[in-house]
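Letters A, B, ... mirror the listed sequences (proteins, then strands); counts begin at 1. Every heavy atom of this structure was used, including side-chain atoms; hydrogens, water molecules and symmetry mates were not.
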Amino acid sequence: MLDPRRLRTDLAAVKAGLARRGLDLAEIDRAADLEARERALKAEVEGLRARVRVLSKEVGQARRTGDTAAADALAAESRALGEQERVIDGEAAALASALRDILLVTPNLPADDAPDGASEHDNVVVRTEGYDAGAYAAHQRVPHWEVGATLGILDMERGAKLSGSMFPMFRKQGATLVRALCQLALDRNADAFEEIRPPSLVRTDTMVSTGHLPKFVDEGYHLERDDLWAIPTAEVPLTSLARDEILAEADLPMRLMAYTPCFRREAGAAGRDTRGLLRVHEFDKVEILAYATPEQAAEVHADLVARAEGSLRALGLAYRVLDLCAGDLGGSSRRTFDLEVYAPGCDMWLEASSVSWFGDYQARRANIRYRPAEGSGTHMVNTLNGSALAVPRVWAAVVETHRQPDGSVALPEVLWPYFRGARSITG
RNA sequence: GGAGAGGUGACCGAGUGGCCGAAGGUGAUCGCCUGCUAAGCGAUUAAGGGGUGUAAAGCCUCUUCGAGGGUUCAAAUCCCUCCCUCUCCGCCA
């Protein structure tokens with residue numbers, strides 16, 4: 001959430017930032033107006049309230065001295081003021097909730113150095129690693145769903161039987177590969193990140209903190225009976241971990257990682273890129289996340305990107321790094337680098353990680369602050385996160401990239417420790 | 001799931017309608033004292049919003065005693081709902 005104060009101190013900059021996302025600015029003007037009116041009413045309410053409190057004390061004193069007539073008169077006066085207060089307070093509350101409704105769906109301002117652009121076509125390819133269009137042999141040009149079916153390590157039909165389409169089922173070494181990829185990502189980041197195993201079902205508040213609600217209700221799996229949401233990413237519980245807390249600056253950056261299942265309804269995406277593992281309702285992912293000071297944020301962001309890249313490189317995969325343009329940035333993000341892994345079998349660049357810097361946008365929603373080592377008061381932390389490794393698309397890229405002429409899949413050396421002595425997937 | 005007890009500041013803990021933003025203690029910080037250490041003495045020690053101020057400080061004011069609602073001139077205190085913790089019983093991987 002944007003700082004409501006900026007609506008009166010910095011409205012031009014807010015509007016300029018939102019304009020870069022191609023947003024209609026009428027709502028923001030309305031929000032600024034609501035903010036100003038709400039504040040004026042609140043000042044009035046506070047004045048009345050102060051008066052009521054003074055009078056109430058006087059009533060108490062009068063009662064104690066036995067002056068009931070004076071007490072009754074004061075009480076009557078106070079009651080009248082109290083009624084007035086209630087009316088104005090009601091108006092202020094209505095304005096406040098209208099303002100909040102707008103701010104909750106208003107996205108973050110893009111960072112100054114995020115590239116301009118309106119859509120995904122304007123994203124900037126920062127670099128491409130390990131990709132050589134001419135270097136792929138025919139045996140690598142087989143899509144992973146065929147490789148998986150042939151080797152018996154990916155069973156989409158059975159997954160669909162149990163849960164519907166887009167619920168993959170991995171078998172044998174395919175299942176091992178899922179687990180190995182996660183274990184690899186955890187092991188590679190254990191030097192700096194505390195491992196967390198959070199709950200996979202969370203409350204509505206928790207989804208609101210990260211910006212997944214109210215805007216993306218249709219994307220979430222909701223358990224009606226218990227009013228819980230299945231997490232779409234570990235970002236949700238990890239960001240809320242420090243909700244309503246005040247961290248010490250000495251503890252920042254605080255780095256966390258978690259391996260969790262992720263659930264996404266993919267409501268708007270029916271029929272698009274849905275073959276095999278390109279888009280699924282449930283998948284495993286290792287997320288890395290940090291709380292940082294604003295000064296630390298840039299360096300931490302670069303580190304998260306480097307770590308996400310490192311895993312792809314270690315797996316021998318080709319990938320490219322995209323700097324998302326203002327128009328394609330996720331709503332909560334100020335700057336995002338997407339990592340797309342190349343899958344030769346389906347000849348596609350698959351988004352495998354999205355590493356974002358949120359500024360204090362999420363922190364304000366979640367009320368996560370830190371106390372500076374020097375000086376007084378508290379400040380909002382900055383939050384950053386990204387996938388260290390998201391299984392399905394990486395699984396697909398591994399299987400396609402390392403497919404051998406005989407149909408088996410050679411395992412990259414970094415995965416050997418997790419395969420009980422096997423060096424390849426043979427089905 | 002059933003029965004009961006609770007949730008107060010960094011922590012412990014008092015507080016059943018007004019003199020309570022909250023006794024007392026612990027911890028922490030600063031100062032004094034002190035051969036060293038320990039002890040002792042004194043002071044300070046919540047967050048946030050609005051206003052005032054060139055800024056810092058300060059000053060005025062509001063909110064917050066698990067959360068939300070209600071009663072009242074006045075709520076930590078009374079009522080309702082919810083959340084959480086603990087104990088016992090039941091069930092269970």
Side-chain angles (χ1 to χ4, degrees), chain A residues 1-10 31-101 103 197-209 213 223-229 237 240-252 254 261 291 360 363-381:
Chain A
M1 191 159 73
L2 297 176
D3 186 348
R5 244 174 308 183
R6 295 192 68 183
L7 293 176
R8 64 173 186 272
T9 59
D10 208 13
D33 176 56
L34 286 168
E35 200 275 339
R37 280 159 58 204
E38 191 228 337
R39 197 156 33 88
L41 287 182
K42 250 168 103 184
E44 222 178 307
V45 168
E46 282 183 14
L48 287 167
R49 179 104 196 106
R51 190 80 193 106
V52 166
R53 286 174 57 137
V54 170
L55 286 171
S56 294
K57 283 210 166 110
E58 287 172 9
V59 172
Q61 276 162 6
R63 280 267 140 76
R64 245 170 291 125
T65 57
D67 191 348
T68 29
D72 289 346
L74 288 166
E77 191 188 340
S78 180
R79 187 183 307 125
L81 287 174
E83 270 155 27
Q84 209 180 325
E85 180 203 330
R86 212 156 307 152
V87 171
I88 300 174
D89 193 41
E91 291 170 29
L95 295 180
S97 100
L99 173 62
R100 189 177 158 79
D101 287 348
L103 287 179
R197 177 48 256 231
S200 309
L201 299 177
V202 297
R203 272 200 245 271
T204 299
D205 295 351
T206 307
M207 291 284 279
V208 171
S209 295
L213 286 178
L223 282 76
E224 201 80 42
R225 187 188 172 99
D226 299 291
D227 194 18
L228 289 169
W229 299 80
S240 281
L241 189 132
R243 190 164 74 208
D244 296 321
E245 295 192 18
I246 301 173
L247 309 172
E249 182 173 352
D251 293 335
L252 301 177
M254 184 181 282
Y291 303 109
D360 60 11
R364 184 164 288 104
R365 282 175 175 243
N367 190 29
I368 307 170
R369 293 166 291 172
Y370 72 97
R371 204 183 296 284
E374 306 272 313
S376 61
T378 55
H379 302 294
M380 293 291 167
V381 302

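Among B:A74, B:A47, B:G50, the nucleotide with an atom closest to any side-chain atom of A:R39 is B:G50. Of the listed nucleotides (B:U61, B:G18, B:G51), B:U61 has the atom at the smallest distance from the side chain of A:E46. In the set B:C73, B:U63, B:G51, the nucleotide with an atom closest to the side chain of A:R53 is B:U63. Nearest nucleotide to the side chain of A:R203, out of B:C83, B:C19, B:A75: B:C83. Comparing B:A47, B:G51, B:A74 by their nearest atom to the side chain of A:S56 picks out B:A74. Here the side chain of A:R64 is nearest to one of B:G18, B:C73, B:U63, namely B:G18. Side-chain proximity of A:A50 to B:A47, B:C83, B:C62: nearest is B:C62. Distance from the side chain of A:R5 is smallest for B:G49 among the nucleotides B:A75, B:G18, B:G49.
Side chain to side chain, A:R243 and A:T206 meet the donor-acceptor criterion of an N or O pair below 3.5 Å.
Annotation: B:G69 and B:U54 have their C1' atoms spaced 45 Å apart (nearest Å). For the P atom pair drawn from B:G18 and B:A75, the interatomic distance equals 11 Å after rounding to whole Å. Rounded to the nearest Å, the gap between the C1' atom of B:C78 and that of B:U87 is 27 Å. When the P atom is compared between B:C32 and B:U16, the two are found 42 Å apart, to the nearest whole Å. Taking the P atom of each, B:U37 and B:A22 are spaced 36 Å apart, rounded to whole Å. For B:C11 and B:U71, the P atoms lie 33 Å apart once the distance is rounded to whole Å. Atom P of B:U63 sits at a distance of 27 Å from the matching atom of B:C12, rounded to the whole Å. On the C1' atoms, B:A47 is 12 Å away from B:G21, given to the nearest whole Å.
A salt bridge is defined here as a Lys NZ or Arg NE, NH1 or NH2 lying under 4.0 Å from an Asp or Glu carboxylate O, and A:D72 with A:R63 meets this definition. With salt bridges taken as basic N to acidic carboxylate O contacts below 4.0 Å, one links A:D3 and A:R364. Ion pairing of A:E35 with A:R8 is present here, as a side-chain N (NZ or NE/NH1/NH2) and a carboxylate O approach within less than 4.0 Å.
Each of A:K57 and A:R51 was matched to the nucleotide of RNA chain B holding its nearest heavy atom; the match closer to the 5' end belongs to A:K57. Residue-to-nucleotide proximity on RNA chain B shows that, of A:K42 and A:A75, the 5′-proximal contact is made by A:K42.
Judged by Watson-Crick or G-U wobble contacts below 3.5 Å, the nucleotide B:G31 has B:C41 as its partner.
Using a 4.0 Å heavy-atom distance criterion, A:R8 is classed as a sugar-phosphate-only contact.
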